[in-house]
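If you're wondering where the values come from, they're calculated on a predicted model, not measured in any experiment. For ligands, and for the atoms within them, numbers begin at 1 and follow the listed sequence. Counting from 1, the numbers follow the sequence of the chain as shown. Side chains included, hydrogens not; waters and symmetry mates left out as well; all remaining heavy atoms used.
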Amino acid sequence: MPGQDPTKSTILIIGAGCFGLATAHRLALAGYYNVTMLEKDDVVPSRFSAANDLNKVIRAEYADSFYTDLSVKAIQKWRSDPLYRPHYHETGFLNVTSDKAAQVTKDVVTNYLTSIKGHPAFKGQFSTINGAADVKKVAPAFSGPTAGWTGYFNKMAGYGHSADASKAVYEDCVKLGVKFVLGSDGDVTGLVYASRPAGKVCVGAKTRQKTYRADKIILAMGADVSRLVPQIGPQVTGRCWGVVHIQLTPSEAEALRGIPVTNVRDLAFFFEPDRATNKLKFCHMGGGFTNFASSKNGLSLPFAKLEDSQFIPLDDEAYIRTLLREVLPQFADRPLIDAHLCWFADTIDSDYIIDYVPGTNASLIVLSGDSGHGFKMLPIFGDFVKDILENGSQNIAKWRWKDSSRIKEGSTWRGDTATQELVGLPRARL
Ligand SMILES: Cc1cc2nc3c(=O)[nH]c(=O)nc-3n(C[C@H](O)[C@H](O)[C@H](O)COP(=O)(O)OP(=O)(O)OC[C@H]3O[C@@H](n4cnc5c(N)ncnc54)[C@H](O)[C@@H]3O)c2cc1C
Ligand SMILES: *[C@@H]1O[C@H](CO)[C@@H](O)[C@H](O)[C@H]1NC(C)=O
Ligand SMILES: *[C@@H]1O[C@H](CO)[C@@H](O)[C@H](O)[C@H]1NC(C)=O
Ligand SMILES: *[C@@H]1O[C@H](CO)[C@@H](O)[C@H](O)[C@H]1NC(C)=O
Ligand SMILES: *[C@@H]1O[C@H](CO)[C@@H](O)[C@H](O)[C@H]1NC(C)=O
C-alpha cells in the first residue's frame with residue numbers, strides 16, 4: 001500500500017498451522033494492530049495441522065542453496081531466540097541407506113554431498129558414514145547390526161518439537177494481541193468478494209455463523225487451500241505420509257537420549273524419544289499418498305474428517321519393522337500406536353507458494369505448497385509474508401503463483417517415486 005502505513009490495515013489469516021502462526025506472530029511484532037486468525041479446530045496446535053507432531057527435522061542441506069541459506073538463518077533463530085530455543089534439539093542428522101537399498105538410491109549420496117559440501121555453513125559439519133563402525137561412532141545406543149549403512153552425518157541439524165513450538169508461538173501471538181477464533185466459528189466455508197470498478201477484490205471470509213471482513217485476507221490452510229481457491233488447480237497436490245509411535249518406558253527412553261535424527265532412506269526415519277511422553281516416532285517417507293477420489297474438482301485433498309486419517313498404509317508397517325530389526329531389535333515387535341496420516345501441500349518443484357492470488361487486486365494472499373519441508377522455517381517464515389505485504393508483489397520468482405506452463409502433466413512428487421491413491425489401499429491393522 002504505497003503512501004499508507006501498512007500496519008493500519010486489517011488482516012485476516014485463515015488457518016493456524018505453521019505458516020499462519022508464523023505470519024500472525026511476525027505481523028503482530030511489527031505493529032500490525034488488527035490481526036485475526038480463523039482456525040477450524042478448537043485447539044492450537046490444530047489436530048489438522050501437519051505441524052501438530054512430536055518432532056520435525058531441522059536441517060539446512062538442500063541441493064538448492066536458496067533454501068540452504070534460509071535454513072541456516074532459521075537454525076540461528078532456533079538456537080538463539082528464547083521463543084524457539086526450548087523446542088530445538090541439536091542432536092545431529094544421520095541420513096543413510098541400508099544395505100538392501102537399490103544401487104541407484106545409494107549412488108545419489110555422492111552427488112548430493114558434492115553439491116552441498118561447497119557451502120561455507122557446512123565446513124566441518126559433515127562426516128561420511130560407511131558401515132556399522134561409523135554408525136556406532138555417531139549413535140552408540142543403536143544396538144542392531146546397521147550393517148552396510150552408507151550416507152552421512154550432519155552435526156548442524158536436529159529436530160524441533162513442532163507441537164510445542166507451535167503452541168509457544170500461539171501463546172505469544174495471544175499476548176501480542178492477535179485475535180483467535182477457533183472451532184466452528186473459525187471454520188471458513190467461503191471467501192467474500194466484491195466487484196469494484198476496476199475488478200474483483202476479496203473483502204472477507206465466511207463461516208457458517210458469520211462473515212469476517214478485512215483489508216488483506218491471507219490463506220494458510222496447508223493442503224486444504226484449493227477448497228477456497230480452486231483456481232490454484234494442480235499447482236498444489238494434497239499428499240500424506242503415515243506416522244506412528246511406539247511407547248518406551250522411562251529407562252528405555254533414557255538409554256536413547258540424544259540419538260541423532262536418523263533417516264534410513266529406503267526404510268523410514270525416526271527421532272530421539274519424546275522427552276515428555278517417551279514415544280519414538282516413525283515415518284516411512286515414500287512418494288506421498290494422494291486422495292483424488294473424494295474430490296469434486298479433480299484435485300487431491302486431505303480427508304475432511306479427522307477420524308478418516310487415523311491409519312497408516314499396510315506397507316509402512318513392514319518398512320518400520322525392518323528398520324527396527326536393523327537398529328533397535330529389542331523393540332521390533334512392540335505395538336505401533338497413534339497411527340495417523342500427516343497431510344502436506346506438494347508442488348511440482350517443491351517450492352513454496354507465497355503470493356497474491358491473481359485478479360484480486362492484491363487483496364488475497366496464499367501461503368501453501370510447503371512440499372513437506374516448511375516447518376523448519378517457523379522462526380523466519382513470517383518475514384517472507386511481511387515482505388510481500390509491504391512490497392505489494394512477490395519479488396522472489398520461485399515463490400510466485402505458478403503459471404500453468406510450469407506444471408508438467410502427470411508429474412509425480414519430486415519425480416522420484418510413483419504416487420499411490422489412498423482410497424482402496426490396504427491398511428495396517430494396529
Ligand atoms: C509426515 C510429515 C513430516 C514432515 N516432516 C517435516 C520435517 O521434518 N521438517 C520440516 O521442515 N517440515 C516437515 N513437514 C512439513 C511441515 O509440517 C509443513 O511444511 C507445515 O506444517 C506447513 O504449514 P501450513 O501452515 O502450510 O499447513 P498446516 O500446518 O497443515 O496448517 C494448516 C492449518 O489450516 C487449518 N485449516 C484448514 N482448512 C481450514 C478452514 N477451512 N478454515 C479454518 N482453518 C482451516 C488447519 O486446521 C491447519 O491448522 C512434514 C510434514 C509431514 C506431513
Ligand atoms: C479490526 O477490524 C475489524 C474489521 O474491519 C473491525 O470490525 C474492528 O473494529 C477492528 N478492531 C480494532 C481494534 O480496530
Ligand atoms: C538424504 O540424502 C540424500 C542423498 O543421499 C538426499 O537426496 C536427501 O535429500 C537427504 N535427505 C534430507 C532430508 O536431507
Ligand atoms: C486496488 O487497490 C488499490 C490500493 O489498495 C486501490 O487504490 C484501488 O482502488 C483498488 N482497485 C480496485 C479495483 O479495488
Ligand atoms: C521487498 O523485496 C525485496 C527484494 O526481494 C526485499 O529485499 C525486501 O526485503 C522486500 N520487503 C520490503 C518491505 O521492501
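When heavy-atom distances to ligand 3 are checked against a 4.0 Å cut-off, Val109 comes that close through both its backbone and its side chain. The proximity of Leu21 to ligand 1, defined as any non-hydrogen pair under 4.0 Å, does not occur for either the backbone or the side chain.
Summary of contacts: the protein heavy atom closest to atom 2 (O) of ligand 2 is Asn34 ND2, 2.4 Å. Considering only non-hydrogen protein atoms, atom 4 (C) of ligand 2 sits nearest to Arg213 O, 3.5 Å. Counting protein heavy atoms only, atom 5 (O) of ligand 3 is closest to Arg265 NH1, 3.0 Å. Annotation: atom 23 (O) of ligand 1 to nearest protein heavy atom, Cys18 CB, 3.3 Å. At the shortest separation from atom 13 (C) of ligand 2 among protein heavy atoms lies Tyr33 CE1, 4.1 Å.
Between Trp78 and Phe375, the ring center distance clears the sub-6.0 Å criterion. Phe344 and His373 have their aromatic ring centers separated by at least 6.0 angstrom.
The heavy atom nearest to atom 12 (N) of ligand 1, considering only Phe381, Phe375, Phe344, is found in Phe375. Distances from atom 47 (O) of ligand 1 to the heavy atoms of Met377, His340, Glu39, His373 show the closest one on Glu39. If you check each of Met221, Met37, Arg59 against atom 32 (C) of ligand 1, the one with the closest non-hydrogen atom is Met221. Counting only non-hydrogen atoms, the option in Ala50, Ala51, Pro45 that gets closest to atom 30 (O) of ligand 1 is Ala50.
Each of the atoms 9 (N), 10 (C), 11 (O) of ligand 1 lies under 4.0 Å from some heavy atom of Lys376. Those atoms of ligand 2 that come under 4.0 Å of a heavy atom in Thr10, given as number and element, are 2 (O), 4 (C), 5 (O). Under a 4.0 Å criterion applied to the non-hydrogen atoms of Ala220, ligand 1 contributes the atoms 32 (C), 33 (C), 34 (O). Atoms of ligand 3 found under 4.0 Å from any heavy atom of Tyr152, numbered from 1 in the order shown, are 1 (C), 2 (O), 10 (C), 14 (O). Close approach of ligand 1 to Gly372 (heavy-atom distance below 4.0 Å) involves ligand atoms 6 (C), 12 (N), 13 (C), 14 (N), 15 (C), 50 (C). Set against the non-hydrogen atoms of Gly222, the atoms of ligand 1 under 4.0 Å away are 26 (O), 27 (O), 32 (C). Counting the atoms of ligand 1 from 1 in the order shown, those under 4.0 Å from a heavy atom of Val243 are 1 (C). Close contacts of ligand 1 with Gly186, meaning ligand atoms under 4.0 Å from a residue heavy atom, involve 42 (N), 43 (C). Near Asn95, with a cut-off below 4.0 Å to any heavy atom, the atoms of ligand 3 are 1 (C), 2 (O), 3 (C), 8 (C), 10 (C), 11 (N), 12 (C), 14 (O). Which parts of ligand 1 touch Leu38 is read off a 4.0 Å heavy-atom cut-off, strictly below it: atoms 43 (C), 44 (N).
A ring-ring contact (aromatic ring centres under 6.0 Å, His included) with Phe126 is found for one member of Phe93, Tyr152, Phe153 and no other, namely Tyr152.
For Ser368, no nitrogen or oxygen atom sits less than 3.5 Å from a nitrogen or oxygen atom of ligand 1, counting backbone and side chain alike. Checking only distances, Ser46 does come within under 3.5 Å of ligand 1, N or O to N or O. Annotation: Leu228 places no N or O atom under 3.5 Å from an N or O atom of ligand 1; distance criterion only. Distances between N or O atoms of Val188 and those of ligand 1 include at least one value under 3.5 Å. Polar contact check, Asp41 against ligand 1: no nitrogen or oxygen pair lies under 3.5 Å apart. Taking only nitrogen or oxygen atoms, main chain and side chain alike, Phe19 reaches within less than 3.5 Å of ligand 1. Checked against a 3.5 angstrom limit, the closest N/O atoms of Trp241 and ligand 1 fall outside it. At under 3.5 Å, a nitrogen or oxygen of Gly374, whether backbone or side chain, sits near a nitrogen or oxygen of ligand 1. In terms of polar-atom proximity, Asn263 is not counted as a contact of ligand 3, lacking any N or O under 3.5 Å from an N or O of the ligand. For ligand 1, none of its N or O atoms has an N or O atom of Met285 under 3.5 Å away.
Inter-residue side-chain proximity for Tyr32 and Val178 is flagged as unmet; no heavy-atom pair is nearer than 4.5 Å.
Comment: Asp215 does not engage Lys8 in a salt bridge, judged by the lack of any side-chain N to carboxylate O separation of less than 4.0 angstrom. A salt bridge does not link Arg400 with Asp351: every distance from a Lys NZ or Arg NE/NH1/NH2 to an Asp or Glu carboxylate oxygen is 4.0 Å or more. The pair Asp172-Lys167 does not meet the salt-bridge criterion, since no charged nitrogen lies less than 4.0 angstrom from a carboxylate oxygen. Using a cut-off of 4.0 Å between Lys/Arg side-chain N and Asp/Glu carboxylate O, Asp185 and Lys210 are scored as not salt-bridged. Salt-bridge check for Asp274 with Lys281: failed, with every basic side-chain N at 4.0 Å or more from each acidic carboxylate O. Between Lys100 and Glu326 there is a salt bridge, since a side-chain N of the basic residue sits under 4.0 Å from a carboxylate O of the acidic one. Salt-bridge formation is detected for the pair Lys279/Asp338: a Lys NZ or Arg NE/NH1/NH2 atom is positioned less than 4.0 Å from an Asp or Glu carboxylate oxygen.
When atom types are taken as modelled, the side chain of Thr290 and the backbone of Phe292 share no donor-acceptor pair closer than 3.5 angstrom.
With a 6.0 Å cutoff to the six-membered ring centre and a 45° limit on the axis angle, Arg265 does not count as a cation-pi contact of Phe269.
Ring geometry, Tyr67 versus Trp399: the interplanar angle falls from 30° to 60°, so the pair is classed tilted. Taking the six-membered ring for Trp and thresholds of 30 and 60 degrees, His25 and Tyr84 have ring planes more than 60 degrees apart, a perpendicular arrangement.
Scanning all heavy atoms of the two residues, the minimum distance from Leu191 to Cys202 falls at CB-SG, 4.2 Å.
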Steps toward ring pair (Phe, Tyr, Trp, His ring centres under 6.0 Å) verdict (Tyr170, Phe180): CA-CA 9 Å; Tyr170 164 62; Phe180 282 81; 4.6 Å; yes
List the steps and the verdict of side-chain contact (heavy atoms from CB on, under 4.5 Å) for Ile388 and Ile354. CA-CA 8 Å; Ile388 77 159; Ile354 304 173; 4.2 Å; yes
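Heavy-atom separations between Tyr62 and ligand 3 are all 4.0 Å or longer.
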